[in-house]
Colleague: 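What follows is a structure written as C-alpha cells; I'll ask about it next.
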Amino acid sequence: MTKDFLSEAKIYSFWEKENFFSASPHSGKKSFSLLIPPPNLTGELHLGHAMQHSILDAIARFKRLQGFDVLLLPGVDHAGIQFEATLEKKLQKENLSKEKLGREKWLAKAWEFKEEIYKSVSSTWRFMGLSADWSREVFTLDPGGQKAVYQQFKTYYDAGLIYKGPYIVQWCPKDQTAIEDVEVEYEERIDKLYFIKYSVGQHPASGKSGKEFIKVATTRPETIFADVAVAVHPDDDRYKNLWGLHATLDRPGFLEPSRSPVSSGLPLIRDERVDPKFGSGALKITPGHDFLDYEVGRDHKLPIINVVNKQGRLTEVAGKYAGMKVSEARTAIVKELKEKGYLLDEVEYIHNVAVCERCKSVVEPIISEEWFVKVGSMAKDAIKVIKAGKIKFLPSNYSRILVDWLSNIHDWCISRSLWWGHRIPVWYPSTSLRTSGPSTSSGSNDRVVSLESPGKGWIQDEQVLDTWFSSGLWPLSTLGWPEEWRMENGHRPGASGPQGKWKIDENTFSKYFPWDFEISAPEIKYLWIARMIMISQFLVRQIPFKTMFFHGMLRDLQGRKFSKSLGNGIEPTYLIEKWGVDATRMTLYTYSIPGRDGRVSREILDERGKNFRNFATKIRNIARYVIELKVENGKLKVNRNEHKDDKWIKDELQITIERVTTHLNDIELHLAVDEIYDFIWHKFADVYVERSKERRSDAQPVLEYVLRKSLILLHPFMPFVTEEIYQKFEERERSIMVEKWPSFGKVKVKKPV
RNA sequence: GGGUUCAUAGCUCAGUUGGUAGAGCGUUCGCAUCACACGCGAAAGGCCCCGGGUUCGAAUCCUGGUGAACCCACCA
C-alpha cells in the first residue's frame, strides 16, 4: 500500500465521522434515493461491481452537492445456491459437509462464513469511497427481511397465487436443487444420436406381433425405461400404415422385465410437435425427463415415470441398471443394445446440453414437487406501467425487451432445496409428509402459513425460497416495508415489529420510495429488474424506481464474460493498488456507457489508470501553483478591467459546468468525465495557468475561482484528491462535501476574502 | 429459430437533435521553461465496413449486404 492509500483511508473516516453519508428523512430537503444492487455474498467484488458502485457514488455525490437529501442504501444478498456452493468448497477442506453437520450446525457455520465474506465486501466499498448510509445497511436474511419476505409470501398465498405441485424442473444433481430456466446454460457438446429398434408389438389386425419395427432416435437411451409412448408427426406418411391398426410398440426385449409400470405396449401417438425431419421422425416420449415430452405426455394424458432420481442415478425402474449414474448407465445400455442387435445406428451429433450456470454439471429434467407463484396477472400490471413510460430506462430499448419477456412469462418456481435462505413459511402437522419431493402429495388443507411455528406438533417445510424472491422485494424491504408502509397507511406496527439494524422511521418509506435511481447489469434484467417491477406493483401499487440504468458488461478482449473458470478476471484491487482509487474510478467511468459492453485487459486498463493517475498529479500541481500565492496575499484586489484571458477561462468554465451538469443528469458519466478532464488539463492548465505567469497577482482571484469550481465539478468522480486539495486550499469550509454545486447561470467572480 | 447491439486513427474507444472527424495509449521530432518529466511544445496517422436511398449536405437517418458479439428459445 502506498502513502496515498493511507490518506484516502483518513479522508474516508473523516467523512464518516462527520456523518456526511447519512440521509436525513426529517430535513426539509428534497430527497434523492439510490439503491445499491446487493452483491452476492460469495467473495470479493469484481470489476463490474466496482463500476456499478462508482457510478452510484458519483450520482449520489453530485446530488448531495446540489442540495438533495441523498439516500444511498447499501446491503448484501444471501445468494442461496452460489453461497452454498462456495461454503461447500470451504467445508470440504475442513473435511466437513452438510450431511455431517446437520441443518442447525451448518447454519451456524454459514453465518460465520457470511460475516467473513461480508467484511471483505464492506471494506472494498469503503475503499472505493462509496458514500453510503451505513446506518441503514441491510442483509436479506435480517429479521426485517424475514418479516418482509413472509408478508410477501402470505399476500400471494391469500390471493390464491401460490400453489404447490408436481412439475418438471431443471434439477442440478450436484447442488441438489431445482434451478430455474434462467440459471441454466447451454454448452455445445458432441454426443451420439442412437437409433433404437422398437418392434411393433400386438398387431390388432393379425393378433400377433410381426417382424415390423420402427427406428426411434434418442440421445438418452438410459431413459428408455421411462418411455410411455412413441410419437410421430400426424402428416408423416411413413407411419400411416400403423395408425389405423392401433399398433403398440415394444422396447428392446432384453430390457424386460424391468420394473417399469409401462413395460410394453407403448401407444403410438401423433403430435404436431414432433419434427418429422429429425432422425427417423419417431420420438420416444419420456415425460419424466424431458420438457417437450412432459408437455406432450400431459396433453395425451400419459403417465409419468421417474427413472433418474435426484442424485442423478437410475431408479429401480431400470431393473439391473438401477443405482448407476446416468452416464454409466448410458454406456452400459448402449453396449447391451448393440450386442443384442437393437442398436440400428449411431451417429455423431452436436447439440446443446443444459448445464448448471454455477457448478457446470449437466442438469436433469426431473419431476419434483415445488412451490409456484402464478405471475400472469402481476406481469400484466408490470407491462402496463412500463408501457405507460412510468419508468425511465437507460438505454430506452430495455423497456420493450422487458415487456416482451413479461408477455411470455411462466409461473415462477420459488422453492429451492437449500438451507441458506428464507425457509418457506408453511407448516404441516407432524403426522403428514413434510418434505417436498417427487413422491409427496401432501393434502393442502392441513397446512398453515406462518412465520413462527403454530405450536407443538407442527413441522416447517424443508425448502427455502428462491433468492430472487427476496431480491425482488429489495426496493420495499430496505425501506422497512411492510411495517413502515402500514404505518403510513394508518396501521401501527404490532409488538412484533422488526428488530436488528432495520430502522423504522415514519418518514422513510414515503420520502424515498419509489427510488430515484437503480442500476443493474443487463444479465439480470429478467431475474431481478422485471421482478422488482411486478412485485412493487402488486404489493404497493407503485413502481419501484423512476430511473433504471443498465450499464454494459466488461469483457475480455475476445468478448467473453469474466469468470472464475476462464481465469480471465481482473480484480479492482489490481487497479487501485497500482493507480489509486480516484484513477480507478475515472477509468471505470469511461466504460459506463448505458448498455454498451467494454473490452478490457490489464494492459488497456493500465493505460487509462495511468492516465488518470497523471491527471490527479496534474491537479495537485495546479493547486500548488495557485496556493503558493494565496498564502502570501491574504487580500487580493479585484481587477476592474477584465483581462481577455479571464473572460475566456470563465466562459469556458461556464460551458463546462453546464455540460458536466447535463451529462450527470442524463447519466452519461463518460461524457462528463471527458468534459471536466479536457477543461482542467487542456484549457485551465495548458492555456490559462501558462499565460497567468506573466500577470500572476492580477490573475490570482480568477485562478482561485476556477480551481474551486473545478474541484467541485470533479468531486463526484475523484472524491479523494478533490477533498485533499480542497482541505489545503480552503480554510473556511469543513469539507468539499458540503460545498454547493456550481450553477451555470451568470456567475460573477466572487469577492475574495 | 427469435431478438438486441456493434463495425470510426496502430490499439481501446468517444462522437447528445445530420453541416468538411476526436480522446487516451502508442509512434516521430524538440525541450531538464522557476506548478507539474506522472511534464511542456510540435507532428504524422482515418474512401468513419461495403452497396443503394433520403437531403443542398450523412460517420450520424432509411434499406440491402458482409463481419463480430451478446441475450432468449431449443431439436429427440
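Note: hydrogens, waters and symmetry copies are ignored here, and every other heavy atom, side chains too, is used. In what follows, chains carry the letters A, B, and so on, assigned in the order in which the sequence lines appear, proteins first and then strands, with residues in each chain numbered from 1. Computed from a prediction, not measured in an experiment: that's the story for all the values here.
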Colleague: In the structure shown, which nucleotide is the Watson-Crick or G-U wobble counterpart of B:A76, with both distances under 3.5 Å?
Modeller: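 Across any shown strand, B:A76 pairs with none.
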Colleague: Tell me whether the OP1 or OP2 atom of B:U5 has a side-chain N or O from A:N397 closer than 4.0 Å.
Modeller: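 The answer is yes; a side-chain N or O of A:N397 sits under 4.0 Å from OP1 or OP2.
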Colleague: Taking the side chain of A:R613 as its heavy atoms from C-beta onward, which of B:C71, B:C38, B:G24 lies nearest to it?
Modeller: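 Among B:C71, B:C38, B:G24, the one nearest the side chain of A:R613 is B:C38.
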Colleague: Rounded to the nearest Å, what distance is computed from the NE2 atom of residue A:H670 to the P atom of nucleotide B:U16?
Modeller: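 Rounding to the nearest Å, NE2 of A:H670 and P of B:U16 are 9 Å apart.
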Colleague: Rounded to the nearest angstrom, tell me the gap between atom OH in A:Y294 and atom C1' in B:A76.
Modeller: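 It works out to 19 Å between those atoms.
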Colleague: Name the closest nucleotide to the A:N611 side chain, picking from B:C13, B:G24, B:A35.
Modeller: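 Nearest to the side-chain atoms of A:N611, counting from C-beta on, is B:G24.
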Colleague: Among the nucleotides B:A76, B:A14, B:G26, which one has an atom lying closest to any side-chain atom of A:L292?
Modeller: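 In terms of side-chain proximity for A:L292, the closest of B:A76, B:A14, B:G26 is B:A76.
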Colleague: For B:A44 versus B:U66, give the span between their P atoms, rounded off to a whole number of Å.
Modeller: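 These two P atoms come out 39 Å apart once rounded.
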Colleague: Let's test this: given Watson-Crick or G-U wobble pairing with both distances under 3.5 Å, identify the partner of B:U55.
Modeller: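 Base partner found: none.
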Colleague: Does A:K610 have more than 12 heavy atoms from other residues, nucleotides or ligands lying within 6.0 Å of its NZ?
Modeller: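 No, because the 6.0 Å sphere around NZ of A:K610 holds 12 heavy atoms or fewer from other groups.
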Colleague: Using OP1 and OP2 only, check whether a side-chain N or O of A:K693 sits under 4.0 Å from B:A35.
Modeller: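 Looking at the OP1 and OP2 atoms of B:A35, one of them is under 4.0 Å from a side-chain N or O of A:K693.
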Colleague: B:G15 P sits how many Å from A:R596 CZ, rounded?
Modeller: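 So the CZ-P distance, A:R596 to B:G15, works out to 6 Å.
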Colleague: Examine distances only and state if a side-chain atom of A:S601 and a backbone atom of A:I604 form a donor-acceptor pair shorter than 3.5 Å.
Modeller: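 Pair found, side chain donor or acceptor close to backbone of A:I604.
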Colleague: Could you tell me whether A:H682 contacts a base, only the sugar-phosphate backbone, or nothing, with contacts defined as non-hydrogen atoms closer than 4.0 Å?
Modeller: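 It contacts sugar-phosphate atoms only.
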Colleague: Between B:G15 atom P and A:E668 atom CD, what is the distance in whole Å?
Modeller: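 Going from A:E668 (CD) to B:G15 (P), I get 7 Å.
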Colleague: Can you check the distance between B:U4 and B:A9, where both ends of the measurement are the C1' atom (answer in whole Å)?
Modeller: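 Pairwise C1' distance, B:U4 against B:A9, rounds to 28 Å.
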Colleague: State the pairing partner of B:C31; accept Watson-Crick or G-U wobble contacts with both distances under 3.5 Å, and report none otherwise.
Modeller: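 B:C31 is paired with B:G39.
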Colleague: Distance to the ring centre below 6.0 angstrom and angle to the axis at most 45 degrees; does that hold for A:R602 and A:Y574?
Modeller: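 Yes; both conditions hold, so A:R602 lies above the ring face of A:Y574.
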Colleague: I'd like the P distance from B:C62 over to B:C25, given in whole Å.
Modeller: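 B:C25 and B:C62 have their P atoms separated by 35 Å.
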Colleague: Please determine, for the side chain of A:I593, which listed nucleotide (B:G24, B:C13, B:C38) has the closest atom?
Modeller: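 Nearest to the side-chain atoms of A:I593, counting from C-beta on, is B:C13.
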Colleague: Between A:G598 and A:E607, just flag the one whose closest nucleotide in RNA chain B comes earlier from the 5' side.
Modeller: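 Closest to the 5' end, via its nearest nucleotide, is A:G598.
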Colleague: When the distance from CZ of A:F679 to P of B:A23 is rounded to whole Å, what number comes out?
Modeller: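 My rounded result for the distance is 18 Å.
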Colleague: Under 4.0 Å, counting only non-hydrogen atoms across every strand here, what does A:E690 touch: a base, just sugar-phosphate, or nothing?
Modeller: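 Here A:E690 touches the bases of the nucleic acid.
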Colleague: Only pairs with both distances under 3.5 Å count, Watson-Crick or wobble alike; so what is the partner of B:C6 in this structure?
Modeller: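 Pair assignment: B:C6 / B:G67.
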Colleague: Could you give the CZ-to-P distance, from A:F612 to B:A23, as a whole number of Å?
Modeller: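 So the two atoms are 14 Å apart, to the nearest Å.
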Colleague: If you compare every side-chain N and O of A:N614 against the phosphate oxygens of B:G39 (OP1, OP2), does one of them come in below 4.0 Å?
Modeller: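 Yes, because at least one side-chain N or O of A:N614 sits under 4.0 Å from OP1 or OP2 of B:G39.
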Colleague: Which comes earlier along RNA chain B counting from the 5' end, the contact point of A:R400 or that of A:K284, where each point is its nearest nucleotide?
Modeller: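 Its nearest nucleotide being more 5', the pick is A:R400.
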Colleague: Regarding A:A616, tell me which of base, sugar-phosphate or nothing describes its non-hydrogen contacts under 4.0 Å with the strands shown.
Modeller: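 No contact at all - A:A616 keeps every heavy atom at 4.0 Å or more from the nucleic acid.
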Colleague: Pick the C1' atom in B:C40 and in B:A14, then give their distance to the nearest Å.
Modeller: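 That atom pair is separated by 25 Å.
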Colleague: Please classify the nucleic acid contact of A:V600 as base, sugar-phosphate, or nothing, using heavy-atom distances under 4.0 Å.
Modeller: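 No contact at all - A:V600 keeps every heavy atom at 4.0 Å or more from the nucleic acid.
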Colleague: Determine, for A:W405 and A:R400, whether the Lys NZ or Arg CZ falls below 6.0 Å from the six-membered ring centre while staying within 45 degrees of the axis.
Modeller: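 No, cation not above the ring by the 6.0 Å, 45° rule.
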Colleague: Is the cationic atom of A:R585 (NZ for Lys, CZ for Arg) positioned less than 6.0 Å from the six-membered ring centroid of A:F612 and within 45 degrees of its normal?
Modeller: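 Here A:R585 fails the 6.0 Å and 45° test against A:F612.
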Colleague: For nucleotides B:G15 and B:C72, find the distance between their C1' atoms and express it as a whole number of Å.
Modeller: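 Straight-line distance between the two C1' atoms is 31 Å.
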Colleague: If you only use heavy atoms from C-beta on, which nucleotide in B:A35, B:C70, B:C13 is closest to the side chain of A:R555?
Modeller: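 The listed nucleotide nearest to A:R555's side chain is B:C70.
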Colleague: Apply the side-chain contact (heavy atoms from CB on, under 4.5 Å) test between A:I736 and each candidate in A:E730, A:E723, A:E724; give the one that qualifies.
Modeller: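 So the option named by the test is A:E723.
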Colleague: Is there a side-chain polar atom (N or O) of A:W681 under 4.0 Å from OP1 or OP2 of B:C40?
Modeller: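 Yes, within the criterion.
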Colleague: From the options B:U5, B:A76, B:A35, select the nucleotide whose nearest atom is closest to the side chain of A:R624.
Modeller: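 Closest of the options to the side chain of A:R624: B:A35.
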Colleague: With A:Y688, which of A:L653, A:V706, A:V702 fulfils side-chain contact (heavy atoms from CB on, under 4.5 Å)?
Modeller: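 Between A:Y688 and the candidates, side-chain contact (heavy atoms from CB on, under 4.5 Å) is satisfied uniquely by A:V702.
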Colleague: Can you tell me how far C1' in B:U28 sits from the matching atom in B:A68, rounded to whole Å?
Modeller: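 Going atom to atom, C1' in each nucleotide, I get 33 Å.
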Colleague: Taking any heavy-atom pair under 4.0 Å as a contact, classify A:I604: base, sugar-phosphate, or nothing.
Modeller: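 Sugar-phosphate contact only.
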Colleague: Which whole-number value in Å describes the distance from A:D678 CG to B:G24 P?
Modeller: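 Spelled out: CG on A:D678 to P on B:G24 is 8 Å.
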Colleague: Which nucleotide sits closest to the side chain of A:D686: B:G39, B:A14, B:C40?
Modeller: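 Ranking B:G39, B:A14, B:C40 by closest atom to the A:D686 side chain puts B:C40 first.
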Colleague: When you measure from the side chain of A:E222 to the backbone N and O of A:V326, does any donor-acceptor pair fall under 3.5 Å?
Modeller: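 No.
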Colleague: Please measure how far the P atom in B:U20 lies from the corresponding atom in B:U63, and state the result in whole Å.
Modeller: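 Taking atom P in both B:U20 and B:U63, they lie 26 Å apart.
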Colleague: For the side chain of A:K618, counting heavy atoms from C-beta on, which of B:A76, B:C70, B:C36 is nearest?
Modeller: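 Minimum distance to the A:K618 side chain belongs to B:C36.
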Colleague: With sugar-phosphate meaning primed atoms plus P, OP1 and OP2, does A:D674 contact a base, only sugar-phosphate, or nothing at under 4.0 Å between heavy atoms?
Modeller: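 Here A:D674 touches no strand at all.
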Colleague: Please state whether the base of B:C38 and the side chain of A:K610 form at least one donor-acceptor pair under 3.5 Å?
Modeller: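 Answer is no: no donor-acceptor pair is held.
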Colleague: Applying the Watson-Crick and G-U wobble criteria at under 3.5 Å, what pairs with B:U12? Answer none if nothing qualifies.
Modeller: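 For B:U12, the partner nucleotide comes out as B:A23, under the 3.5 Å rule.
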Colleague: Scan side-chain atoms only and decide if A:W579 and A:N611 contain a donor-acceptor pair under the 3.5 Å cut-off.
Modeller: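 No.
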Colleague: Answer with yes or no whether A:E675 presents, from its side chain, a donor or acceptor under 3.5 Å of a partner atom in the base of B:A23.
Modeller: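 When only heavy-atom distances are counted, A:E675 does not reach the base of B:A23 through any donor-acceptor pair under 3.5 Å.
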Colleague: Between B:C56 and B:U16, how far is it from one P atom to the other, in whole Å?
Modeller: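 Rounded to whole Å, the distance is 23 Å.
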Colleague: At under 4.0 Å between heavy atoms, what does A:Y677 touch on the DNA or RNA strands: base, sugar-phosphate, or nothing?
Modeller: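 Sugar-phosphate only.
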Colleague: Rounded to the Å, how far apart are A:R220 CZ and B:C74 C1'?
Modeller: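 To the nearest whole Å, that distance equals 15 Å.
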Colleague: How would you label the contact of A:L671 with the nucleic acid (heavy atoms, under 4.0 Å): base, sugar-phosphate, or nothing?
Modeller: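 It contacts sugar-phosphate atoms only.
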